[in-house]
Amino acid sequence: MLAALSEKHEHKKVLPELEDAGKGVVMRFAPNPSGPLHIGHARAAALNDAYVKMYGGRYILRIEDTDPKRVDPEAYDTVAGDIRWLGLGITETVYQSDRLTLYYDLCRQLIEKGGAYVCTCDNERFKELKMARQACPCRDQPVEQNLALWEKMLAHGFREGEVTVRIKTDLLHPDPAMRDFPAFRVLDSPPHPRKPGAFVYPLMNFSVVADDHLLGVTHVIRGKDHIANTRRQRYIYDHFGWKVPVYRHYGRMGIEGVVLSTSQMRLGIKEGTYSGWDDIRLGTLRALARRGILPEAVKNAMLAIGIGETDISFSWDNLYAENKKIVDPVANRYFFVPDPMTATIHGAHPVVSRLLLHPADEKRGVRTLAFSGNVLLPAAELADRTRTLIRLKDLFNVAIEHDHGRPHIAFAGDSLADARAAKAPIIQWLPAGAEVPCTLRTPEGDLAGVCEAGVQQELSKVVQFERVGFAKIDAVTDDGIIAYFTHK
RNA sequence: GCUGCUAUAGUGUAGACCGGCCAAUCAUGCGAGCCUCUCACGCUCGCGACAGGGGUUCGAAUCCCCUUAGCAGCACCA
């Protein structure tokens, strides 16, 4: 019986098996340090993480910083922080910028094998030849000449744009993107933040293959925008005679109503449209964190999506549901009164109300609200003139009469049963004078209100404002509390 | 345009490789009710899909073809 019950809650989505994973796997998460991680990154990170946990093995964090133009020096720390927050089972970290000489050595080997050549053609000229499926003059240079040119390249004998190392592929390949794609280039500026002296850089397809092989990566899960790269990379594997990892390419994930492009976010922050990388209108992990979304929820949501090749649209509802499962049992409950109006309750005696911090766990204790005549109520609750009876939660019932504009509110008994029988709404309230100003920030704008003083003890935690929704307490100051709306 | 991939309810997902057990799974969402001093949680019931058209077959969500739609790539980015 108990087993049957718990089974029902363990409908854990199981990821499909990977080939050749029986003896464990080596996988990697390979972000480019250009800005903070967002939901899109979380999918790759969570999927790879889950497979490593499933089969056992190593999980490599590889910082792909081989394009100094796309490296934001601050992002090294940002990315590290985001990964810490996500709680990935990273076993080792490598920086590609530390491995340049490794790539140089492999490049020389590849040239010696005749698998690559140093091309000094004009870019436009090469492109024309490529589209016409024709070899450029450099392609047939003898190995010795290629090696000499490569040495010259490493000795800074070429300026930016004058030279590129190309992988020999198939000039007749129907996809022009496959034909003799580039592997190394010279960049004179900007200087690399971590390796200021560097000027010969590998392109992604080369460094990725080199590292996947060198680090022993067995399985690669990445977005299908890399399908063409996988095909290109296969040429390099073939030239070296290396074993190709198992690849899985998941579909594109569209995300409603959120900016994910790093450059757009950066621009928006610079122009003041967004307050920072954790502006709640952005899809960064830090924005989610600020709103009270927990990393486990993000990971669970990503695993539920899985590795399907179909393009999908990410739904916030599904993420919120995952988050609520985690947050509901732990979040303390408090009253938040939006748009408060003061009301005098006629005919009521002072009384102290004790409310549970959590309805399912009495041991967590109570909060006390001392009523002594005046309360603060959500103005919206009094707007409906047909409403004659309301129960103030854990206090008593009140009768409302709308005489001339201002409602007249009077004590109407303690009986909860009466309130239920009359289908009276049970609403949140605060004793006048005991309130703390509280601004609830939502993606749609700020909601001004007041909340219990106890909320001041919940800094950086997620609480539930009863009948309003979950919120992360972002700041507690003398001026009041700032909370971010998480979800209902 | 060229090269390739994909198509199950509002959203996500299982089933597809090995056709029948699928009048199609689970979650989420929505609706109704129960429970409950929250519009939360929990429980019950309900709504809702095999993109379209051909073909193969006794039988197709599952295999084949076409159409349509979406996506990716076609960078000296990752």
Side-chain angles (χ1 to χ4, degrees), chain A residues 8-9 11-14 16 30-34 62-71 96 119 123 126-127 130-131 160-166 173-179 181-187 201-205 207-208 222-232 249 251-254 256 262 300-306 308-322 324-325 327-329 331 333-336 353 355-356 358-360 391-397 414-417 419-420 424-428 464-470 487-488:
Chain A
K8 198 167 184 184
H9 295 282
H11 269 308
K12 273 266 178 350
K13 164 97 202 292
V14 181
N32 159 251
S34 58
R62 188 169 71 211
I63 305 295
E64 304 211 329
D65 56 350
T66 52
D67 180 4
K69 291 179 178 169
R70 289 185 40 132
V71 170
Q96 288 195 314
C119 173
N123 290 325
F126 181 85
K127 197 171 179 181
K130 180 177 75 175
M131 295 316 284
E160 182 167 334
E162 288 179 345
V163 67
T164 130
V165 176
R166 297 187 179 282
H173 196 289
D175 184 351
M178 294 302 130
R179 301 174 197 156
F181 61 86
F184 282 86
R185 61 174 170 174
V186 168
L187 241 40
Y201 294 97
L203 274 319
M204 175 255 191
N205 282 306
S207 51
V208 163
R222 41 164 32 167
K224 73 182 188 185
D225 45 322
H226 283 292
I227 286 177
N229 289 320
T230 299
R231 277 197 278 271
R232 283 194 270 226
H249 299 98
R252 189 203 137 110
M253 184 167 79
E256 46 184 17
T262 303
N300 289 344
M302 293 303 137
L303 296 187
I305 286 168
E309 291 176 62
T310 333
D311 303 325
I312 59 151
S313 70
F314 170 85
S315 161
W316 292 102
D317 279 341
N318 292 331
L319 209 213
Y320 293 160
E322 293 292 348
K324 204 191 281 183
K325 278 180 205 161
V327 132
D328 185 81
R333 311 290 140 122
Y334 291 98
F335 285 160
F336 165 76
S353 172
L355 302 98
L356 291 173
H358 195 286
R391 178 164 181 91
L392 306 185
K393 187 171 187 260
D394 284 303
L395 191 64
F396 47 61
N397 307 332
D414 288 313
S415 167
L416 174 63
R420 287 225 192 276
I426 299 170
I427 70 167
Q428 74 274 38
Q464 190 202 46
F465 287 142
E466 297 195 54
R467 307 206 321 134
V468 176
F470 294 90
H487 47 66
K488 272 233 101 167

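The figures that follow rest on heavy atoms only: side chains count, while hydrogens, waters and symmetry mates do not. Below, read A as the first sequence line, B as the second, and so on, with proteins coming before strands; counting in each chain starts at 1.
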B:rC5 phosphate, OP1 or OP2, under 4.0 Å from A:Thr310 side-chain N/O:
no

Closest to the side chain of A:Pro182, out of B:rC39, B:rG12, B:rA75, is B:rA75

What's the gap between B:rG19 and B:rA61 when it is taken at their P atoms, as a whole Å value?
14 Å

Donor/acceptor link under 3.5 angstrom from A:Glu322 side chain onto base of B:rU28:
no

What distance, rounded to whole Å, do you find between the two P atoms, one in B:rA51 and one in B:rG12?
14 Å

Would you classify A:Phe335 as touching base, sugar-phosphate or nothing, given that sugar-phosphate means primed atoms plus P, OP1 and OP2, and contacts are heavy atoms under 4.0 Å?
nothing

Paired with B:rC2: which nucleotide, if any, by Watson-Crick or G-U wobble criteria at under 3.5 Å for both distances?
B:rG73

If you pin A:Ala228 and A:Phe396 to their nearest nucleotides in RNA chain B, which one's is more 5'?
A:Phe396

Report the distance from atom CG of A:Asp311 to atom C1' of B:rU13, rounded to the nearest whole Å.
15 Å

Is the closest side-chain heavy-atom distance between A:Arg232 and A:His173 below 4.5 Å?
no

A:Pro68 backbone acceptor or donor facing A:Arg70 side chain under 3.5 Å:
no

Heavy-atom nearest nucleotide on RNA chain B for A:Phe314 versus A:Ile426: which residue maps closer to 5'?
A:Phe314

How close or far is atom C1' of B:rA27 from atom CG of A:Leu303, stated in whole angstroms?
14 Å

With sugar-phosphate meaning primed atoms plus P, OP1 and OP2, does A:His226 contact a base, only sugar-phosphate, or nothing at under 4.0 Å between heavy atoms?
base

Atom-pair distance (CZ on A:Arg222; C1' on B:rG73), nearest Å:
13 Å

Pick base, sugar-phosphate or nothing for A:Ser34, based on heavy-atom distances below 4.0 Å to the nucleic acid.
nothing

Does a side-chain heavy-atom distance below 4.5 Å link A:Val186 with A:Glu162?
no

From the candidates B:rC39, B:rC41, B:rU13, the one with an atom nearest any side-chain atom of A:Arg467 is B:rC39

Check whether A:Arg252 reaches the backbone of A:Glu309 with its side chain - one donor and one acceptor, N or O, closer than 3.5 Å.
no

A:Tyr320 atom OH is separated from B:rC30 atom C1', nearest whole Å, by 18 Å

Quick check for you: among B:rC74, B:rU13, B:rG4, whose closest atom lies nearest to any side-chain atom of A:Arg231?
B:rG4

Quote, to the nearest angstrom, the P distance that separates B:rU68 from B:rG52.
16 Å

Within the 4.0 Å heavy-atom criterion, would you say A:Pro359 contacts the bases, only the backbone, or no part of the nucleic acid?
base

Per A:Glu309 side chain, nearest of listed nucleotides B:rA78, B:rC5, B:rA40
B:rC5

B:rA7 - base-pair partner by Watson-Crick or wobble geometry, distances under 3.5 Å
B:rU68

Pairwise C1' distance, B:rA9 and B:rC17 [rounded to whole Å]
25 Å

Could you identify the nucleotide paired to B:rU57, looking across every strand shown and requiring Watson-Crick or G-U wobble geometry with both distances under 3.5 Å?
none

Identify whether any heavy atom of A:Leu416 sits under 4.0 Å from a base atom; if not, whether one sits that close to sugar-phosphate; answer base, sugar-phosphate or nothing.
base

Assess, by modelled atom type and distance only, whether the side chains of A:Ser34 and A:Asn32 contain a donor and an acceptor separated by less than 3.5 Å.
yes

Counting the atoms with a prime plus P, OP1 and OP2 as sugar-phosphate, which does A:Ala360 contact under 4.0 Å by heavy atoms, base, sugar-phosphate, or nothing?
nothing

Under 4.0 Å, heavy atoms only, any strand: does A:Asn205 hit a base, just the sugar-phosphate, or nothing?
nothing

Measure CE/A:Met178 against C1'/B:rG73 and give the value in whole Å, please.
7 Å

Candidate nucleotides B:rA75, B:rU13, B:rG10, ranked by approach to the side chain of A:Lys130 - the nearest
B:rA75

Would you mind pulling out the nucleotide paired to B:rA23, Watson-Crick or G-U wobble, both distances under 3.5 Å?
none

Does this structure show an ion pair linking A:Arg222 with A:Glu64, if we count only N-O contacts that are shorter than 4.0 Å?
no

Side-chain donor/acceptor of A:Asp311 to backbone N/O of A:Gly254, under 3.5 Å:
no

Would you classify A:Gln464 as touching base, sugar-phosphate or nothing, given that sugar-phosphate means primed atoms plus P, OP1 and OP2, and contacts are heavy atoms under 4.0 Å?
base

What's the closest nucleotide to the A:Asp317 side chain, out of B:rU3, B:rA40, B:rG10?
B:rG10

Do any N or O atoms from the side chain of A:Ser353 and from the backbone of A:Asp394 form a donor-acceptor pair under 3.5 angstrom?
yes

Pair assignment for B:rC17, Watson-Crick or G-U wobble, requiring both distances under 3.5 Å:
none

Please determine, for the side chain of A:Ser313, which listed nucleotide (B:rG12, B:rC71, B:rA27) has the closest atom?
B:rG12

note: A:Asp225, atom CG; B:rC5, atom C1'; distance rounded to Å ~ 13 Å

Taking only side-chain nitrogens and oxygens of A:Lys324, does any of them come within less than 4.0 Å of OP1 or OP2 of B:rC41?
yes

OP1 or OP2 of B:rA72 less than 4.0 angstrom from a side-chain nitrogen or oxygen of A:Arg252, does that happen here?
yes

Tell me, do A:Asp328 and A:Phe470 make a side-chain contact under 4.5 Å, heavy atoms counted?
yes

Between B:rA7 and B:rG15, how far apart are the C1' atoms? Round to whole Å, please.
15 Å

Taking only the P atom of each, what is the distance from B:rC26 to B:rA14 in whole angstrom?
14 Å

So A:Asn318, base contact, sugar-phosphate only, or nothing? Heavy-atom distance under 4.0 Å.
base

Take the protein atom CZ of A:Arg333 and the nucleotide atom C1' of B:rC41, then report the distance between them rounded to whole Å.
7 Å

In whole Å, what separates the C1' atom of B:rU25 from that of B:rU8?
11 Å

Heavy atoms under 4.0 Å, any strand shown: does A:Gly161 hit a base, just sugar-phosphate, or nothing?
base

Checking base pairs now: Watson-Crick or wobble, both atom distances under 3.5 Å. What partners B:rG29?
B:rC47

Work out how far the C1' atom of B:rA24 is from that of B:rA49, and round it to whole angstrom.
9 Å

Strand partner of B:rG42, provided both Watson-Crick or wobble distances fall under 3.5 Å
B:rC34

Under 4.0 angstrom between A:Lys127 side-chain N/O and B:rA75 OP1 or OP2:
yes

Which is it for A:Met204 and A:Gln96 under the side-chain contact (heavy atoms from CB on, under 4.5 Å) test, yes or no, and what are the steps along the way?
CA-CA 10 Å; A:Met204 175 255 191; A:Gln96 288 195 314; over 6 Å; no

A:Ser315 has its side chain closest, among B:rU11, B:rC71, B:rA40, to B:rU11

What is the distance from CD1 of A:Ile305 to P of B:rA14, rounded to the nearest Å?
11 Å

Closest of B:rU36, B:rG12, B:rG73 to the A:Arg232 side chain is B:rG73

